Structures are given as structure tokens and as C-alpha cells.
Amino acid sequence: MKSIKVIVAGPRGKMGSEALRMIESSETLELVACLDRKNGGKQVKEIEELPNMDAMIYEDAEQCFSEIDADVLVDLTTPEYGYKHTKLALQHNIRPVVGTTGFKPEQLEELRELAESKGLGTIIAPNFAVGAVLMMQFAKWAAKYFPDVEIIEKHHDQKLDAPSGTAVKTAELIEEVRESKQQGHPEEKETMQGARGANHDGIHIHSVRLPGLVAHQEVMFGSPGQSLTIKHDSYHRGSFMSGVEMAVKEVMRLDTLVYGLENIME
Ligand SMILES: NC(=O)C1=CN([C@@H]2O[C@H](COP(=O)(O)OP(=O)(O)OC[C@H]3O[C@@H](n4cnc5c(N)ncnc54)[C@H](OP(=O)(O)O)[C@@H]3O)[C@@H](O)[C@H]2O)C=CC1
Ligand SMILES: O=C(O)C1=N[C@H](C(=O)O)C[C@H](O)C1
């Protein structure tokens, strides 16, 4: 029985349109509205590229969350709007499941406090692909034994944020288990700005953007005489959808914010 009422923000996007198809075939999830920046007042089924579903499209988030009886907001938009939608959803007692990446640490903290004060489950997951979550966990484990590590993330050239949310989360997980250290030669100098990538607690992150790519990451560890590479590839956005569905179901049981799908995986 379709028992969890879901609003999707970003329905025409690469992820949002995939999420609509997932909801259409789900036995538990029901689409009750969409939040878009176009097509307000139309039904989803009236939009050519979207599935044949009965759900009203809203352009105004406040109006959407006030008028629609919903359990969960799935946000797959942009860092700026994803943050605004998440905050507003919580204020309207709607539980957010957020795939949108690029939130600042202080925004995550503010949302955590809001979720806690409302006693509402919230899931913010930089990557919904189960393989990517395992790749991050394996990298965390490996970093205990190989503290010298660099991250190379590769994405399609329409991505707005760099580094990717997955790369940032990977660096944060590694930071939990290794002593803080600066890598490379202590006197190294970039003769071309950016050559060594971004730097999170001494972990260098390199972002590649090319047409044809979807979402890929390698975590490379090196120690004298050996290296270890942990790699994950998403070739299709369908790879994220079992994680989105799992998160929508699990967020109904939570009463606080969790950051990362690993927190709800057994
Ligand atoms: N957690 C995960 O597993 C994954 C997360 N992502 C993240 O999800 C987000 C979306 O990615 P992707 O689908 O590839 O991006 P797209 O650019 O394809 O989709 C984003 C959609 O959001 C729409 N949008 C922008 N502003 C608003 C607004 N104010 N209200 C409603 N909709 C809005 C855009 O509209 P318009 O078309 O008019 O610009 C677009 O349709 C990104 O942050 C990405 O990093 C992506 C893949 C996996
Ligand atoms: O924008 C994308 O495409 C992706 N974004 C997420 C991220 O920033 O890590 C997840 C995945 O890598 C795809």
C-alpha cells in the first residue's frame, strides 16, 4: 500500500526525474506534489519528459508545504535552494531526505538543531549509491593503516559544486581515524595555482569535470613500496534510487538529523 506521501523538489532534473520513476514503481511511496521553478499549477503528467503521474507542481515552497499533506520532502535541486527547502520543510513538519550537495558545515549544523528541536527525522546523504557508501567506509578503514591519501572525484560537466559532496564526506570520515597531517614535501610549491587540488585537513581532493561521466571516485593510498586504490563508479542515476527509497522509509522512524546513508544501513 502506498503509505508515505512524498514531495519531490527538482522533478525535471537528472536525479529528480529518476526519483519520480522510482516513486511511480514503489509499493510504499506516493507522489503528492512537486516543487519546481517552472510549470507551477500544472500536473506532472502534463510535462512531456516526466512520468504520467497525478501530482500538482508548485513554484512556491511555502505554498506547497502549507497546502499539501506530505510526510517527506525529497530534495534534488541546488545547494542554495536545497538548504532553503530543507529548512522550510522542517518548519512545516515535513521530514527532509536531501540528496542535494554543497551545503556549508554551518548550514548542516543549523538544520541538525532545527530537526532536533522539532523531533523530526532528516536524512542528508551526499551519496545514495550503496556502493559509494561502502567505498567511503572502506576508505575510512584503510586510512587507519595508510595515512597518506588523496581523493580523485570525477563527474559530468554540469555539476555545480566542487569538490563533490561524496569527496568532502570521504575526507571527513578519514579525518576521524587518522592524525592530522600535511602531505607531500613540506616545501612543495604550486607553480600553477590549484595543481595540488583542494585541501581538507591535509587530504588533497582533485575534481575532474568531463562530458560523458556520471559520478566516479578513487581514493588512493600510498606507503613505501605499495599503493591501494578504492574506486566506485555510478554509470547511471538509477544507481542512487534504492538508497533514496530506503532513506524515505527510514526517515519516518528517526527523530533527528543523520548525515550519510551509512547511518541507516544495517
Ligand atoms: N546524494 C546523491 O546520491 C546524489 C546527489 N546529487 C545532487 O543532487 C543535486 C541535483 O543533481 P542533478 O539532478 O544532477 O542536477 P540537475 O541540474 O539535473 O537538476 C536540478 C534541478 O533542480 C531544479 N531547480 C533549481 N532551482 C530550483 C528551485 N528553486 N526549486 C525547484 N527546483 C529547482 C533545476 O531546474 P532547471 O532545470 O530549471 O535548472 C533542475 O531541474 C545536486 O546537488 C547533485 O550534487 C546528484 C546525484 C546523486
Ligand atoms: O552531482 C552529481 O552528479 C553527484 N553528486 C553527489 C556528490 O556531490 O557527491 C553524488 C554523486 O557523486 C553524484
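Both counts, for ligands and for their atoms, begin at 1 and track the order of listing. Keep in mind it's a predicted model, so treat the numbers as computed, not measured.
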J.: May I ask you to check if ligand 2 and Thr166 share an N or O to N or O distance below 3.5 Å?
T.: yes

J.: Strictly distance-based, threshold 3.5 Å: is any side-chain N or O of Thr77 a donor or acceptor partner for the main-chain N or O of Ala9?
T.: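 Not a single qualifying donor-acceptor pair exists.
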
J.: Less than 3.5 Å between some nitrogen or oxygen of Gly99 and one of ligand 1, yes or no?
T.: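 Yes, Gly99 has an N/O under 3.5 Å of an N/O on ligand 1.
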
J.: Looking only at distances, can you tell me whether any N or O atom of Lys14, backbone or side chain, sits closer than 3.5 Å to an N or O atom of ligand 1?
T.: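 Yes, Lys14 has an N/O under 3.5 Å of an N/O on ligand 1.
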
J.: Need the ligand 2 atom indices (1-based, order shown) with element for anything under 4.0 Å from a heavy-atom of Thr101.
T.: 6 (C), 7 (C), 8 (O)

J.: Kindly confirm or rule out an N or O of Gly13 lying under 3.5 angstrom from an N or O of ligand 1.
T.: yes

J.: Return the closest protein heavy atom for atom 7 (C) of ligand 2 as residue, atom name and distance.
T.: Gly165 N, 3.4 Å

J.: Which of the numbered atoms in ligand 1 are under 4.0 angstrom from any heavy atom belonging to Gly10?
T.: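 Here the atoms of ligand 1 in question are 22 (O), 32 (N).
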
J.: Considering only heavy atoms from C-beta outward, does the side chain of Glu176 approach that of Lys144 to under 4.5 Å?
T.: no

J.: Could you list which atoms of ligand 2 come closer than 4.0 Å to a heavy atom of Asn127?
T.: 10 (C), 11 (C), 12 (O)

J.: Under 3.5 Å between any N/O of Arg237 and any N/O of ligand 1: does that happen in this structure?
T.: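 By distance alone, the answer is no.
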
J.: Can you confirm, on distance only, whether ligand 1 has an N/O atom lying under 3.5 Å from any N/O atom belonging to Tyr81?
T.: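 For ligand 1, there is no N or O atom that lies under 3.5 Å from one belonging to Tyr81.
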
J.: Among Gly99, Ser207, Gly13, Pro126, which residue places a heavy atom closest to atom 6 (C) of ligand 2?
T.: Pro126

J.: Looking only at distances, please establish whether an N/O atom of ligand 1 is found under 3.5 Å from an N/O atom of Ala129.
T.: no

J.: Just to be sure I read this right, does ligand 2 sit under 4.0 Å from the backbone of His155, its side chain, both, or neither, counting only heavy atoms?
T.: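 Within the 4.0 Å criterion, His155 contacts ligand 2 through side-chain atoms alone.
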
J.: Distance to 0.1 Å, residue and atom name: give those for the protein heavy atom nearest to atom 1 (O) of ligand 2.
T.: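 Ranked first by proximity to atom 1 (O) of ligand 2 is Lys159 NZ, 2.9 Å.
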
J.: Any N or O on Ala9 sitting closer than 3.5 Å to an N or O of ligand 1?
T.: no

J.: Counting only heavy atoms closer than 4.0 Å, does ligand 1 sit against the backbone of Leu35, its side chain, both, or neither?
T.: backbone

J.: Just distances here: any N/O of Lys38 and N/O of ligand 1 closer than 3.5 Å?
T.: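 In this structure, Lys38 places no N or O atom under 3.5 Å from an N or O of ligand 1.
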
J.: Should Thr101 be counted as touching ligand 1, given the test is an N or O pair under 3.5 Å?
T.: yes

J.: Does Ala55 offer a backbone N or O that forms a donor-acceptor pair with the side chain of Gln43 under 3.5 Å?
T.: yes

J.: Students should be able to answer this: which protein heavy-atom is nearest to atom 3 (O) of ligand 2, and at what distance?
T.: His156 NE2, 2.9 Å

J.: As an exercise, identify every atom of ligand 1 less than 4.0 angstrom from a heavy atom of Leu76.
T.: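 Within the 4.0 Å cut-off of Leu76, ligand 1 contributes 10 (C), 20 (C), 21 (C), 22 (O).
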
